[in-house]
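Taking it in order: structure first as structure tokens, then the write-up.
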Amino acid sequence: MEKKIGNLFKGDKVVWMVFFFLCMISIVEVFSASSNLTYKSQNYMGPIIYHMAMILLGVVVAVFTLNIPCRYFKLLTPFLLIVTFVTLFWVLIGGESINGANRVISIFHFTFQPSEIAKGTMVLVTAQILSATQRENGADRNAFRYILVVLLPIAFLIGIENLSTAALLCAVIFLMMFIGRIPMSQLGRLMGAAAIAVALFLTAVMTLGSIDGDRTEENHMTEVVNAAGEEEVDKDAIKGGGMFHRFATWRNRIMKHLEGKEVPPEEFDLDKDMQVAHANIAIVSSNIIGKGPGNSVERDYLPQAFSDFIYAIIIEEMGIVGAAVVVFLYVVLLYRAARIASRCENNFPAFFVMGLALLLVIQAVFNMMVAVGLAPVTGQPLPLISKGGTSTIINCAYIGAILSVSRSAKLRSDIREARQTSVTDNDND
């Protein structure tokens, strides 16, 4: 029996442990932070049962994925690219709106985010290009162009409605190119071009976003009320503006973050800055040691407490120690991915596993920085912890792919010889 279970849960045991602890934290904290959902549905156990079902399905997906030899992931690339572009266009044209942005597609009452598929697909494509173009002195100069040809249209399609996800994807691919030894001259020019593009973009956001700023503040209130589960989104209020309809939201978020001035409590507007305000209250009221699991107060007032701001609830309930444990788990995940990559004989699995780990960890960093006030509100969930459907399942698939590489990738010759020597010595003993 134990042998059968061991054969089922193959791969790096440390990654399995990190995955297990993140899932357990997720169940506890989502159950605690879903008070608004339970109030809206009048079903105390409904939200957490759904979330546990998603995690269980994610575990099944992870087990299925880890049993796919890593060399077969390459065969999925053309299919995933087609799915990525079709769904990204689909969500822009006929997707459902969440908080004023078309981000999900609904099929037979099941919704999913195409951007989640696009992120993993781009990592897979980049890993293949980098591995195919490796030379003794680094990657071929053409690799840089090939990667940008695929990245730029995907990032643009995502960024129209979900700028933070596009920025996250670009950051991950840039780090993969650095790890993949793309010539520094090319990376330097890319950073310069990116700086100019960001400057032009911010100018456009600050200019065009101010035109409809007052209306966006009204829309933001509509979003917050809906996120709290108290009423539905007024779809007429969030229409208009064409492809620039998100500019006012981005401008307001940037301006609020850059103000940086300390506002007296009696002057703080809890309506306009509800998320930031209640996240700060949750963190401060933790009193370092935390209030204990299930004892959060701010979960009743903080919109998206079970998703975008769940890290603030973790701090409120578990204190600094609980927050540090979550950070430690993501650090361990990145470290183990690096160890797995360093042992791979071939380049593709090494780049692939590092890309997936960077995707999960950098998104986690984004989420935690927002929760503690170090970055503007972005709407990025905490991977493997926040409540979610598509994101939970696909993140579990990423873990399964990392485990697949750890299980099926060929070891470097020196490591393989060392293991064989160790086995021979044990037999002689």
Side-chain angles (χ1 to χ4, degrees), residues 9-23 25-26 54-77 79-81 83-84 87 112-128 154 158 165 168-169 171-173 175-176 179 326 329-341 344 348-367 380-409:
F9 296 97
K10 294 172 283 191
D12 190 275
K13 296 300 185 289
V14 176
V15 173
W16 268 117
M17 291 178 62
V18 170
F19 181 44
F20 172 79
F21 284 121
L22 288 174
C23 289
I25 292 172
S26 176
M54 288 297 101
I55 290 180
L56 182 60
L57 178 58
V59 172
V60 173
V61 170
V63 172
F64 174 79
T65 307
L66 78 87
N67 282 282
I68 301 175
C70 63
R71 63 182 180 274
Y72 290 135
F73 287 119
K74 294 181 179 181
L75 302 178
L76 295 174
T77 304
F79 170 75
L80 290 176
L81 278 174
V83 171
T84 293
T87 54
F112 72 95
Q113 290 183 271
S115 60
E116 295 295 329
I117 299 174
K119 289 188 296 183
T121 301
M122 192 62 231
V123 168
L124 179 60
V125 170
T126 303
Q128 285 190 241
I154 289 178
I158 295 174
T165 298
L168 165 68
L169 178 59
V172 171
I173 300 305
L175 290 175
M176 288 186 68
I179 295 171
V326 172
L329 289 173
Y330 286 112
V331 171
V332 171
L333 177 62
L334 184 61
Y335 170 75
R336 292 304 300 181
R339 285 292 302 274
I340 294 168
C344 293
F348 167 71
F351 292 140
F352 186 44
V353 74
M354 284 303 302
L356 293 177
L358 287 170
L359 193 60
L360 293 170
V361 173
I362 292 178
Q363 181 174 328
V365 171
F366 272 27
N367 176 279
Q380 291 294 326
L382 190 58
L384 301 171
I385 292 182
S386 292
K387 182 180 182 296
T390 308
S391 59
T392 297
I393 295 172
I394 293 182
N395 287 334
C396 289
Y398 294 160
I399 293 293
I402 293 173
L403 291 168
S404 172
V405 173
S406 72
R407 181 184 70 87
S408 61

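Being a predicted model, the structure only gives us computed values, none of them experimental.
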Trace of the side-chain contact (heavy atoms from CB on, under 4.5 Å) decision for Val18 with Tyr330:
CA-CA 8 Å; Val18 170; Tyr330 286 112; over 6 Å; no

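- Annotation for Arg336 and Asp12: closest pair NH2-OD2, 2.6 Å, computed over non-hydrogen atoms.
- Looking at heavy atoms from C-beta onward, Leu329 lies in side-chain contact with Ile25 at the 4.5 angstrom threshold.
- The aromatic rings of Phe352 and Phe348 lie parallel to each other, with less than 30° between the two planes, well short of the 60° mark.
- Thr77 has its side chain out of reach of Thr121: every pair of non-hydrogen atoms, C-beta onward, lies at least 4.5 Å apart.
- For the residue pair Thr165 and Ser115, no side-chain donor N or O sits within less than 3.5 Å of a side-chain acceptor on the partner.
- Across all non-hydrogen atoms, the minimal contact from Ile55 to Ser26 is CD1-OG, 3.8 Å.
- To the nearest 0.5 Å, atom OG of residue Ser406 and atom CG of residue Leu66 are 8.0 Å apart.
- Rounded to the nearest 0.5 angstrom, Cys344 SG and Met354 CE are separated by 11.0 Å.
- Within the 4.5 Å cutoff, the side chain of Pro349 has no heavy atoms near those of the Phe73 side chain.
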Give the intermediate values and the outcome of side-chain contact (heavy atoms from CB on, under 4.5 Å) for residues Lys119 and Glu116.
CA-CA 5 Å; Lys119 289 188 296 183; Glu116 295 295 329; 3.4 Å; yes

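- With values rounded to the nearest 0.5 angstrom, Thr126 atom OG1 is found 3.5 Å from Ile173 atom CD1.
- Put simply, CE on Met54 and NZ on Lys387 are 9.0 Å apart, with the number rounded to the nearest 0.5 Å.
- To the nearest 0.5 Å, atom OG of residue Ser391 and atom OH of residue Tyr398 are 10.0 Å apart.
- Of all heavy-atom pairs spanning Val63 and Trp16, the tightest one is CG2-CH2, 4.0 Å.
- For the atom pair CG (Leu403) and NZ (Lys10), the distance works out to 11.0 Å, reported to the nearest 0.5 Å.
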Would Tyr72 and Ser404 satisfy side-chain contact (heavy atoms from CB on, under 4.5 Å), going step by step from the backbone distance to the final call?
CA-CA 10 Å; Tyr72 290 135; Ser404 172; over 6 Å; no

